[in-house]
Amino acid sequence: MSTTQELIDVSERRSAHNYHPLPVVIHEAHGAWVTDVEGKRYLDCLSGYSSLNFGHSNPKIIGAAQEQLKNLTLTSRAFYHDQFATFCAGLGDLTGKDMILPMNTGAEAVETAVKVARKWGYEVKGVRPEQANIIVMEDNFHGRTTTIVSFSTDPDARDNFGPYTPGFRIVKYGSVEAIREAVDADTVAVLFEPIQGEAGVLVPPDGYLTQVRELCTAEGILMIADEIQSGLGRTGKTFACDHEGVVPDMYVLGKALGGGVVPVSAIAANKDILGVIKPGQHGSTFGGNPLACAVGNAVIEILNTGEFQARAAELGEVLHARLRELIGHGVVTVRGRGLWAGVDIDPSLASGRELSKALMARGVLAKDTHGSTIRLAPPIVISEEDLVWAVDQLADALASFRQS
Ligand SMILES: Cc1ncc(COP(=O)(O)O)c(C=O)c1O
C-alpha cells in the first residue's frame, strides 16, 4: 500500500469525517506549490481558503515567526507583551479604526462582532433589553459555532445543532430593500460578507455596499463587514469594501492575518463602539498572543507596501479573462474579483468534486463548493505563467469530460 493510502486510511479511521478531502497528502509547500508525500508537486489554487494569500513559507512571515519563537510565544493577556502594541496600532492604521480586539479563529472574531454589536445596542443605542436583532444574509458563511450556525441557511451547517440562538433576521443577499424591510428599532447591526466566498464567490450588484452603508448610517445601525476571506489583498484591494470606497463600522478579519502560520483574527472598530468592552467581559487565552502578533505584524507590513493588492488586481485580470474564454466550453458562469474566482461548470459534464479530482490528476489543487462550482484562489505570489497553466489544466479537464 502506498504511503498516501496508508495515511488516508488512518486519517479516515481515526478522525471525525467533518471534511471530505481530495486524496492527496501534502508534505511541504513553498510559494504557490505544494509537494505530497510521494514527491508529486501540485499548484495550490485554494490557498487555505485565502489564508495563504502571501504564499506558503513566505520568507518575511516565517522569519518573523522564527525570531519570535526564540523570544516569547505566550504570556496570556494577564500581562502586556512587546508585540501587542505594534499589532493593534498597525492593524488599526490599516483599517483606519481606533481599536482592535484580537482573537484566534474567524468564527471567534464573528462571535466577538456579534457580542460587541449587541452590547453597543443596549448601552449606546438604547435598544430594549434582550431584544437586539442583527440582520444577516441568505447563503452566508461566518463560521461554525452554535450561534453562527443558528443564522446559517445551509442545512448541512445548521441541521440538528439546535436549539438555536435567537436574534438574527435573514434577508436576501444583494438587496438593500430586503435589509430596509427587516430593520426595526431593535436592530443593532447588519452583518455581511462583501463577497460571499463559501457560497461560490458571489459578488453583490454594483452599488450594494454603498447603499448598505447609507442605510446603516441613516438607521443608526452598525455595518459589520466580514472580510475574513475577502480581505487582506485577495480581491486586488486591502478590503473588498474598498472597491466601492465604503468604510464599514466594523471589520471582521482572520485567515490571511495569520500569514498561513498561526490562527490570528480580530475585529477593528472605533472607540465609540469597541469601547463598550470592559475588563472581564470578553477574551481568549491565546487571543493577541506574542507569536500571533509577531506574525500579524509581518502581514501588516507586507500589506502596507500595497504590492500584493496590486499583484492580485493585475493577475486577477489575467485569471478572469482566461476563465471567460472557457464559457461555452464547459464553463457556464465566472464570478469574482481580483485573484478569486467562482466557476460554475455545466452540471451535465461533471460535479465540482469530479472536476477537482480531474484537476488534481493534472497537478492543480482546487475545491468544489455547492455541486458544480469550483473556487480558484491561488496564493498571490503565483507567477503569471503558472496561473495561465492552471487555467489550461481546467480547460483540458473540461475537454476530457466533454469527450467522454
Ligand atoms: C467569510 C468567513 N467568515 C468566517 C469564517 C470562519 O473562519 P474560521 O474557519 O477561521 O473559523 C470563514 C471561513 O471560511 C469565512 O469565509
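One-based numbering, in listed order, for ligands and for the atoms of each. It should be emphasised that the depicted structure is a prediction, and the values quoted were computed from it without experimental measurement.
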Near Ala107, which atoms of ligand 1 are under 4.0 Å from a heavy atom of that residue? 6 (C), 7 (O), 8 (P), 11 (O)
Atoms of ligand 1, numbered as shown, that sit under 4.0 Å from any heavy atom of Asp226: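 Under 4.0 Å from Asp226, ligand 1 has these atoms: 1 (C), 2 (C), 3 (N), 4 (C).
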If you have a sec, work out which protein heavy atom is nearest atom 10 (O) of ligand 1 and how many Å separate them, to one decimal?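 Result for atom 10 (O) of ligand 1: Gly106 N, 2.8 Å.
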Tell me the protein heavy atom at minimum distance from atom 16 (O) of ligand 1, and give that distance in Å.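 Heavy-atom neighbour on the protein nearest atom 16 (O) of ligand 1: Gln229 NE2, 2.7 Å.
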Heavy-atom side-chain contact between [X] and [Y] under 4.5 Å:
| X | Y | answer |
| --- | --- | --- |
| His20 | Arg353 | yes |
| Leu323 | Leu376 | yes |
| Glu28 | His56 | no |
| Leu359 | Ile374 | yes |
| Val171 | Met137 | yes |

Using a 3.5 Å cut-off on N or O atoms only, is Gly143 in polar contact with ligand 1?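 No, since none of the N or O atoms of Gly143 sits under 3.5 Å from an N or O of ligand 1.
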Quick check on Tyr49 - does any of its heavy atoms sit under 4.0 Å from an atom of ligand 1?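 Contact check Tyr49 vs ligand 1: negative.
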Considering all heavy atoms, the nearest Val190-Val212 contact: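 Closest heavy-atom pair between Val190 and Val212: CG1-CG1, 4.3 Å.
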Give the contacting part of Lys255 toward ligand 1: side chain, backbone, both or neither, where contact means a heavy-atom distance below 4.0 Å.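 The side chain, only.
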